[in-house]
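Residues: numbered from 1 along the sequence shown.
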Amino acid sequence: MSHAPVLKMVLSLLPCLIPPYALRLNRLFGTQRVGWMLFAVFSLLALLELVRSWHPMGVGMDAGLTLDLLNVFVPVLLLIGMVHIEILFKERLQLEVEERHLRQALQLQVKDRTADLDKTNEELQQEISLRRQGEEELRKSKEQYRFLFDENPQPMWIFDLKSFRFLAFNTATLRHYGYGSEEFRELTAKDLFVAGEAESFAADGIQGSTGVPTRRLWRHCKKDGAIIEVELIALDLVYGGCPARLVLTNEVTAQRLLQKQLLQAQKMEVTSQLAGGVADNFNRLIAVIEGEATVQVQTCQDVAAAEALKRIAATAAGAAGLTRQLLALVRRHPMRLQALDLNKLIENQAGVLGRLMGNKITIQKSFWPNLPPIMADPSLVEQIVRNLALNARDAMPKGGVLGLWTAAVRVEESHARTVEDARAGTYVCLSVADNGCGMTPDIQARLFDPFFTTKQPGKATGLGLATVHGLIKQHSGWIEVNSQAGAGSQFAVFLPCAPAVASRKPAAGLVAVPDASAACDPEPVTG
């Protein structure tokens, strides 16, 4: 069997592939009219080629006509192709022009956008620079705050207004109150206050402030038990998201002591000028009255008149004693100093003191062996002991125990700085104690004021303790008081030793005085 007809048939079908390919070209190049013309011409060309291929098989078309048609359509096809290529090139050129315009517009847009971005970037850089500068200033401010807070020489602390626990505190606070960091962190703000003031401080903290720093005086207790007076400057704030209070502490113990000393000095100066002048003039007048009355008593024959003159003389003598008290008050009492054994003087006064105290009061005495002598006026020292004993008697109306003790003490500089008129050195200490009613702080503050008394009017002159204070200062000594309401009182009198004793090296057995009352209190007074 011959394969020639089959091969011819297959080759004749190849022109049928021309129309689809023409359609593909139309879609690729996209010119509608030319594309469809190409599609039509190629389709017709394929049809003619198919007819020519099938002519020998008896289709019935003239082969010459087919060739003539092909000779016509091939140039037409080439012309159409050239037109199509021209159109494509024109469209390409138009697209390039449009693309150039779009590129230029895009470049302008990009340029404008770039300028905006550059401006925005510049603003952003400036903002970043300002922020960095602000962060640096904030860091420096925090460092300065920490430095000012931590290194401030004044104690400063911040506490929570609800729990009163400490949120922050500086080094000066720990140094001032004597605590370690962990110890202080375990405390609350109320723990720094003495008994009775913590509740007032808590109420003040709950009440809050008006945004203005407040100032108040309080009493604080250090770790070693020392009581100090402080001025608290407080300001409410928010710390760590919770309401808190910043406190600046200023200790005014020494300042208050100086103020008290200055006030006392001013009062004593005024009293000295007034009482001294009055006492001198009054003493001369009383001396004349007493002298005249005494002379008249000796010469008067009338018994009734003589008794009246004796009462006048006695009254004048009492008035003279009052003037001596005034002179002692202003430290202008005539003195005859001599080396004096204080133990022997008190022993000689035992009988007089026993009669003054009465049967309800027991006297306990404790004398320091080999007590150094003091330079003093015996009569004035007797007056000091007598007035202190009478003051103790008045504090024990229902009876009790009066303690009289002596001791040789060495006063340290640390103690001398905290007591008015005190000086470091070797002294003889006389302690007069009772277990009576005691005194409140308000009474203690005015204890040595002239004419101050807690007794009813007419029952006391208010010059007893003021005279004692004046006489002690006239002997270059001082007096310390330790008393609590309902717990008795103790008066410690410090008198300097005689020059020969004071110039010696202190004996090993002397008691150092960080606390004078303890040094002069060898055993407690019991009722």
Side-chain angles (χ1 to χ4, degrees), residues 10-52 69-150 158 167-168 211 235-244 246:
V10 170
L11 292 175
S12 65
L13 291 176
L14 288 176
C16 294
L17 299 176
I18 295 176
Y21 188 73
L23 183 60
R24 182 173 180 274
L25 290 177
N26 177 40
R27 291 178 177 177
L28 288 175
F29 292 103
T31 51
Q32 297 296 325
R33 289 177 297 177
V34 175
W36 285 111
M37 289 178 65
L38 283 174
F39 175 75
V41 170
F42 274 107
S43 299
L44 182 59
L45 181 61
L47 180 60
L48 291 175
E49 180 64 24
L50 184 63
V51 170
R52 187 186 65 80
L69 288 174
L70 288 174
N71 291 332
V72 171
F73 281 112
V74 169
V76 171
L77 180 61
L78 293 175
L79 181 62
I80 291 173
M82 292 176 65
V83 171
H84 181 63
I85 292 172
E86 180 183 3
I87 292 173
L88 289 177
F89 273 105
K90 286 183 178 180
E91 290 180 352
R92 179 67 179 178
L93 291 175
Q94 184 177 359
L95 287 174
E96 289 180 354
V97 172
E98 291 178 355
E99 182 181 1
R100 190 181 303 111
H101 290 319
L102 289 175
R103 188 181 294 111
Q104 291 176 352
L106 182 60
Q107 289 177 349
L108 290 175
Q109 187 176 1
V110 170
K111 186 177 181 180
D112 293 340
R113 188 65 58 85
T114 303
D116 293 340
L117 288 176
D118 290 341
K119 184 178 180 180
T120 304
N121 185 53
E122 184 179 355
E123 293 176 353
L124 183 59
Q125 291 295 330
Q126 291 179 354
E127 184 177 351
I128 292 175
S129 177
L130 291 175
R131 180 165 296 185
R132 287 178 179 174
Q133 183 179 357
E135 290 176 353
E136 181 66 18
E137 291 178 354
L138 181 60
R139 184 185 64 81
K140 291 181 179 180
S141 177
K142 287 182 178 179
E143 290 180 355
Q144 291 176 354
Y145 157 74
R146 296 305 307 179
F147 179 79
L148 291 175
F149 183 82
D150 292 336
I158 301 174
L167 303 176
L235 179 65
D236 287 354
L237 46 80
V238 177
Y239 186 90
C242 62
L246 169 65

(request) Would you check if Gln94 and Glu98 make a side-chain contact, meaning some heavy-atom pair closer than 4.5 Å? (result) yes
(message) Less than 4.5 Å apart, side chain to side chain, heavy atoms only: is that true for Cys242 and Leu167?
(response) yes
In Å and rounded to the nearest 0.5 Å, what is the [atom1] to [atom2] distance from [X] to [Y]?
X: Leu102; Y: Gln104; atom1: CG; atom2: CD; value: 9.5 Å
X: Leu130; Y: Glu137; atom1: CG; atom2: CD; value: 9.5 Å
X: Arg113; Y: Leu108; atom1: CZ; atom2: CG; value: 13.0 Å
X: Thr114; Y: Lys119; atom1: OG1; atom2: NZ; value: 14.5 Å
X: Ile158; Y: Leu237; atom1: CD1; atom2: CG; value: 5.5 Å

(message) Between Thr120 and Asp116 (side chain of the first, backbone of the second, donor and acceptor by atom type, cut-off under 3.5 Å), is there such a pair?
(response) yes
(request) Could you tell me which residues satisfy side chain to side chain contact (heavy atoms under 4.5 Å, CB included) with Glu99, sequence neighbours excluded, listed by chain and number? (result) Arg103
(message) Do the side chains of Arg131 and Glu127 get close enough for a salt bridge, i.e. N-O under 4.0 angstrom?
(response) yes
